Student: 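I have a structure here, written as C-alpha cells, and I will follow up with some questions on it.
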Amino acid sequence: MDALWILASTGLWDAVLRIATPLIFGTLGALLCERAGVLNLGIEGIMTFGAMIGWLTVFSGGGLWTGLLVAALCGALFGLLHAGLTVPLGLSQHVTGLGITLFASALSYYIFRLVVPLEASPPTIAAFRPIEIPLVAEIPFLGEVLASQTAPTYLALALVAVMGWVLFRTPLGLAIRMTGENPHAAEAQGVNPLILRTACVMAGSALMGVGGAFLTMSAFNSFFPTMVQGRGWICIALVVFASWRPGWALFGAVLFAAFDAYQLRLQSALENAVPYQLFLMAPYLAAIGALALMARKARVPQALMRPYRRGER
Amino acid sequence: MTETVLRLSGISKRFGPVIANEAISLELRRGELLALLGENGAGKTTLMSILFGHYTADEGEIEVAGRPLPPGRPRAAIDAGIGMVHQHFSLADNLTVLENVMTGTEPPWRLRANRSAARRKLLAIAERFGLRVDPGRRVGDLSVGEQQRVEILKALYNDARVLILDEPTAVLTEQEAERLYATLRMMAREGLSLIFISHKLREVMAAADRIVVLRGGRSVAERLPADTSRSELAELMVGRRIARPVREAASPGAPVIAAHGVSVRHREGTDLEGIDFTVRAGETLGIVGVAGNGQTALARLASGLLAPEAGTLTILGRRVRQPDVAALVRAGVGRIPEDRNREGVIGELALWENAVLERIETERFSRRGIVDRGAARRFTQEIIDRFDVRGGGPDHRTSLLSGGNMQKLILGRSLIDGPSLLIAAQPTRGLDEGAIAAIHTRLLAARAEGAAVLLISEDLDEVIALADRVQAIAGGRLSPSIDGAAADARRLGLMMAGDWSAAGAAVADAD
C-alpha cells in the first residue's frame, strides 16, 4: 500500500522535477547536435565540467547566473573542440566524443583540486533558492510540487518549447534538420552544412554544460568529481527514446526521473526486504525497456555520424 | 536571335594529374534545350558542378545574363537563377516535399517559417508545369519519378531561369523519361533555358535543340539534331567507331533452369506469382519490364537468395527448396547483380578480395582456413587481362574503378570458369557506350560457349540485341515467351504493359 501511496505524495514529484532538470538540459543539447548530424559523446565530460566550473564561479565570488553562463560558455568551447575535429576534419564522432568526455572529466578534477585542497567534506556554495510564484502556489498539489523548484528548472521547461519551435517552425530549424538528414541537399539549397553543424554542436554543448551546472548549483551545493554519474549517457539514450523530438525528450526525462525518485522512496518503504542494488538498477532497466519499445519507430537523422565532405557522396 | 542567358568561357579544372575540363566554352540561349553529350568521365558533371558552385574552376569565367558569377558558392548560383537537378537526388527522405523545397529559401533568423505561402507558391508552380506532387508527403515514400519532380520543383521554386539536369533519365522508366522530356520542352517554351547531361543517343536526338559533345574533358563538337545522326554522335562521343555486337543463331541444348508455377514472397519489393520460364544451355532468355515489377525477386530467386514458396524451380537438374547461394556458385552459376555497388562488390576491399569473395572457401583460394593470397592475386590478374579491366591492379581499392570496369570485374569473375548458368540483372545500367559493347560481346560469347543466360533488363534495345526469346514481367507475373527475332519496341511495350494477347505472345511456353 505504501508503495502506491508514494506516488501521490508531493515529495515524490518535487524530486522528479529536480532529477529531471539536468536530464532535460542534457537531452536537448544532445538532440540539437544529433539533429544537425553530429553525435556528441562528450556529454558526460561536458556535464562534469559544467558542474565544476559553475560551482567554482560561485565559490570564487561570482553570481549564480554568472555561474550558469560560464558553464554554458565552457560547454560551447568543448563543443567547438568536438565540432572542429568531427565536422571539417571528419574524424570519428564516437572516438572524438569519448576522448572529450575523458579529457573534460579529468580537467574538471584537476582544476577542482588546484583550487580546493583535499578535505573531508567539500566546500559548499549558496545554491539557487526555490522561487515562489504568487498564484501558482495556491494550486493544490501542483502548487506544492512547484514551490520547491528553482529558476533553472523553469528555464529547462521553457527551453523544451523553444527547441521545439526552433526545430519545427523556423527556417533555421528546417536548415538544421535538412543538414542532419542530407547535408548535400542542404548545400544545394545554399545552406553551409559545416557552419551549421559547428554552431549546433556548440549550442548543444552549452546546454550540456548548463545541465551539469544545475547539479552543483541547485540540486546540491558542492562539487565532487563523480557526481554526473552516467547522466550524460542517459541523455544520449533519451534522445533515441524521444525519436529526436524535444517534447518527447521532456517526457522521457520525467519518466526516467520518476523511476529514479520512486525507487529511492520504495527502498526506504520496503526497508531492506529487497537488496537496494536492485532498486538502483530499476531506472536503467526501465530505460533499456523503453528504448527497445521506442527505438523501433524512431526516425534516425539519416546523416547522423556521417561526416560531410564537399563534392563527395 | 534570342538573347544569351548563360556563357561559360575557357573553363579548366584539374584534379591532381587528371584533367577534368580543358578550356570549355559554352553558350546557352533563352528558351533553349541543350544536350551535353559525353561518356562517363568526359567531364560533363564536373563542368556543371563548377557552374553550380560545388567546385571552383582553375581557369575561366561564367556569366549569367551578362553578369559574372562568383565562383564556388551554390547560393550565388541559386540567386543568379541557376537550378540544378542532381543525378543522385539531393533530397532529405525524412522531410516532406514542402520542407525539402523551402529549406534555405527564407532568412534563417525569421521566427516563423511561412509554410502556407510556400505551399501556395509550390502548388502554383506545380500546376503551371504539370508537375503534380503532394506537398505534405514524406519524400522517402515517393517513387523515383516523383522524387525527381520534387528536385525540379525545388529549382523552379528558387526562381531558376536556367535549369541543369544531370543524367535525368538514368533512374527513370521509359514512360517516365518520355513524360520528363515533354515537361522539359514545355519549360523551354515558357522561356526557361535548360541543359541536360546524357550519354543516351536516342534521347539526345529526340529531345535537344542543340547538342554539345564532350570527350576527355574537351568540347569536341556542336551539332543540331537535324544535321547529325546517332552513329555520328556515337563516334564523336567515343572518339572511334563502336559497333555493338550482333547475335548469331543458336542451337539450344537441355534446360538448365526451369520454373513452373513459382511464387515468391519478397519483402522489399514486388512478389512473384506463378511464373513459368525455362532457359536452355546456349540460349539467352530476356526478361523485359518496367522497374519494380518483380525483377529483383526474379534475380534473387535464380541466384539462390530466395526459394520458391509454391511451384517447382529446377536449377542444373536439382530442385531448389532452400535458398543456398554457396551451392549454386559451386555448381557453376554466375551472377551479375542489379546493383553492383551494393551487392556486386564491396568498394572498400581490394580487387582481388572482391574477385574471390564468393569462392573464398574453396581449396583453390584457401588452405586450412588461410587465404592463399598468391593464388587469389593471380586469378584476379587473369580476370583483369582477359576481361580488360582498367583502372587498377589486384591490390587497388575496388571503389576507385569506374562503373564499367567494376562491371567487367564482376563479369570476369562470373565467366572466367565457364559457368553453366549466368544470371545477368541490368548488366549495363548506367554504363557508357564502349562498356556496353564490351559487356554485350561477353554475354554473347558466354552463350556461344553453352551457358544458359537469363538476362533481366529494362533496356529494350539490349534485350532485342541479345535475347533468343523474350518474356515480359509485369506486376510479378511473367508473360509467355516470344521469339527474339519477332521482338520489336512496340510489341515489347505492349507486353510490358501486361497486354499479352495483343502482343501476340505464344500461348504455350517454348518447351
Side-chain angles (χ1 to χ4, degrees), chain A residues 31-32 34-37 92 161-200 203 239-240 242-245 297-306 308-313, chain B residues 13 15 20 45-46 49-50 52-56 72-80 82-96 98-115 118 138-140 147 150-151 154-155 157-158 164 166 341 347 399:
Chain A
L31 189 147
L32 182 61
E34 291 183 28
R35 274 286 183 184
S92 156
V162 171
M163 185 75 76
W165 183 271
V166 168
L167 282 178
F168 294 100
R169 290 281 184 273
T170 66
L172 178 65
L174 193 51
I176 292 172
R177 286 188 290 139
M178 172 86 83
T179 303
E181 294 288 340
N182 184 349
H184 300 281
E187 181 170 48
Q189 291 286 82
V191 173
N192 186 326
L194 299 182
I195 290 176
L196 203 59
R197 280 187 164 181
T198 303
C200 284
V239 174
V240 181
S243 197
W244 291 268
R245 286 167 298 186
K297 281 185 285 179
R299 229 164 231 178
V300 192
Q302 294 293 299
L304 181 59
M305 292 182 276
R306 292 229 299 267
Y308 170 73
R309 293 187 188 91
R310 263 189 132 186
E312 197 180 273
R313 289 194 169 266
Chain B
K13 175 78 183 172
F15 294 103
T45 301
T46 304
S49 295
I50 289 169
F52 195 66
H54 285 312
Y55 297 142
T56 309
R73 280 177 41 216
R75 189 74 248 174
I78 293 172
D79 290 341
I82 297 173
M84 179 132 180
V85 176
H86 296 85
Q87 180 181 5
H88 305 281
F89 303 142
S90 287
L91 295 171
D93 283 353
N94 278 336
L95 304 188
T96 65
L98 183 63
E99 288 174 332
N100 266 284
V101 167
M102 67 185 292
T103 297
T105 58
E106 292 177 300
W109 304 116
R110 190 176 284 179
L111 285 179
R112 195 194 166 113
N114 197 343
R115 278 171 187 265
R138 190 178 153 267
V139 164
Q147 291 190 359
V150 178
E151 275 279 272
K154 224 165 69 174
Y157 186 92
N158 282 318
I164 302 155
D166 189 1
N341 291 304
S399 60

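Note that the structure is predicted; figures quoted are calculated from it, not measured. Naming convention: chains lettered A, B, ... in sequence-line order (proteins, then strands); numbering from 1 in each chain.
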Student: At a heavy-atom distance under 4.5 Å, which candidate from A:Gly173, A:Pro171, A:Ala188 has the highest pair count against chain B?
Tutor: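 Looking at each of A:Gly173, A:Pro171, A:Ala188 in turn, A:Pro171 comes out on top.
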Student: Could you tell me which portion of B:Ser49 (side chain, backbone, both or neither) has an atom closer than 4.5 angstrom to a non-hydrogen atom of chain A?
Tutor: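 Contact with chain A is absent: no heavy atom of B:Ser49 under 4.5 Å.
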Student: Flag the one option from B:Val101, B:Asn114, B:Leu95 with the top tally of heavy-atom pairs under 4.5 Å to chain A.
Tutor: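 Sorted descending by pairs with chain A, the first entry is B:Leu95.
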Student: Using a cut-off of under 4.5 Å for heavy-atom pairs, which of A:Thr170, A:Leu174, A:Leu172 has the most such pairs with chain B?
Tutor: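 Most heavy-atom pairs under 4.5 Å with chain B: A:Leu174.
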Student: Checking B:Leu91 against chain A: side chain, backbone, both or neither under 4.5 Å from a heavy atom?
Tutor: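 Just its backbone gets close to chain A.
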Student: Is a donor on one side and an acceptor on the other found under 3.5 Å between the side chain of B:Asn100 and the backbone of B:Ala92?
Tutor: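 Flag set: sc B:Asn100 to bb B:Ala92 pair under 3.5 Å.
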Student: Distance only, no hydrogens: is a donor on one side chain within 3.5 Å (strictly under) of an acceptor on the other, for B:His86 and B:His54?
Tutor: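 Yes, B:His54 and B:His86 have a side-chain donor paired with an acceptor closer than 3.5 Å.
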Student: Looking at A:Glu181, A:Arg299, A:Gln189, which makes the most heavy-atom pairs under 4.5 Å with chain B?
Tutor: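 It is A:Gln189.
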Student: Are the side chain of A:Arg177 and the backbone N or O of A:Ala36 linked by a donor-acceptor pair below 3.5 Å?
Tutor: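 Pair absent, no side-chain N/O of A:Arg177 close to backbone of A:Ala36.
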Student: Taking A:Thr179 as the fixed residue, which of A:Pro193, A:Pro301, A:Cys200 is the one that meets the side chain to side chain contact (heavy atoms under 4.5 Å, CB included) rule?
Tutor: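 So, applying the side chain to side chain contact (heavy atoms under 4.5 Å, CB included) to A:Thr179 and each of A:Pro193, A:Pro301, A:Cys200, only A:Pro193 qualifies.
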Student: Between atom CG of B:Asp166 and atom CD of B:Glu151, what is the distance when rounded to the nearest 0.5 Å?
Tutor: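 One finds 10.5 Å between CG of B:Asp166 and CD of B:Glu151.
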Student: Counting N and O atoms only, with roles assigned by atom type, does the side chain of A:Trp244 sit under 3.5 Å from a partner on the main chain of A:Leu32, one being a donor and the other an acceptor?
Tutor: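 It does not hold such a pair.
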Student: Check whether B:Asp79 gets within reach of chain A through its side chain, its backbone, both or neither, counting any heavy atom under 4.5 Å.
Tutor: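 When you check distances to chain A, no heavy atom of B:Asp79 falls under 4.5 Å.
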Student: So, B:Arg110 side chain and B:Glu106 main chain: donor-acceptor pair closer than 3.5 Å or not?
Tutor: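 Side chain of B:Arg110 to backbone of B:Glu106: no pair is present.
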Student: Contact part of A:Val300 toward chain B, heavy-atom cut-off under 4.5 Å: side chain, backbone, both or neither?
Tutor: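 Just the backbone, heavy atoms under 4.5 Å.
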Student: Quick one: which of B:Lys154, B:Arg115, B:Arg73, B:Met84 has the most heavy-atom pairs under 4.5 Å with chain A, could you say?
Tutor: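 If we count pairs closer than 4.5 Å to chain A, B:Lys154 comes out on top.
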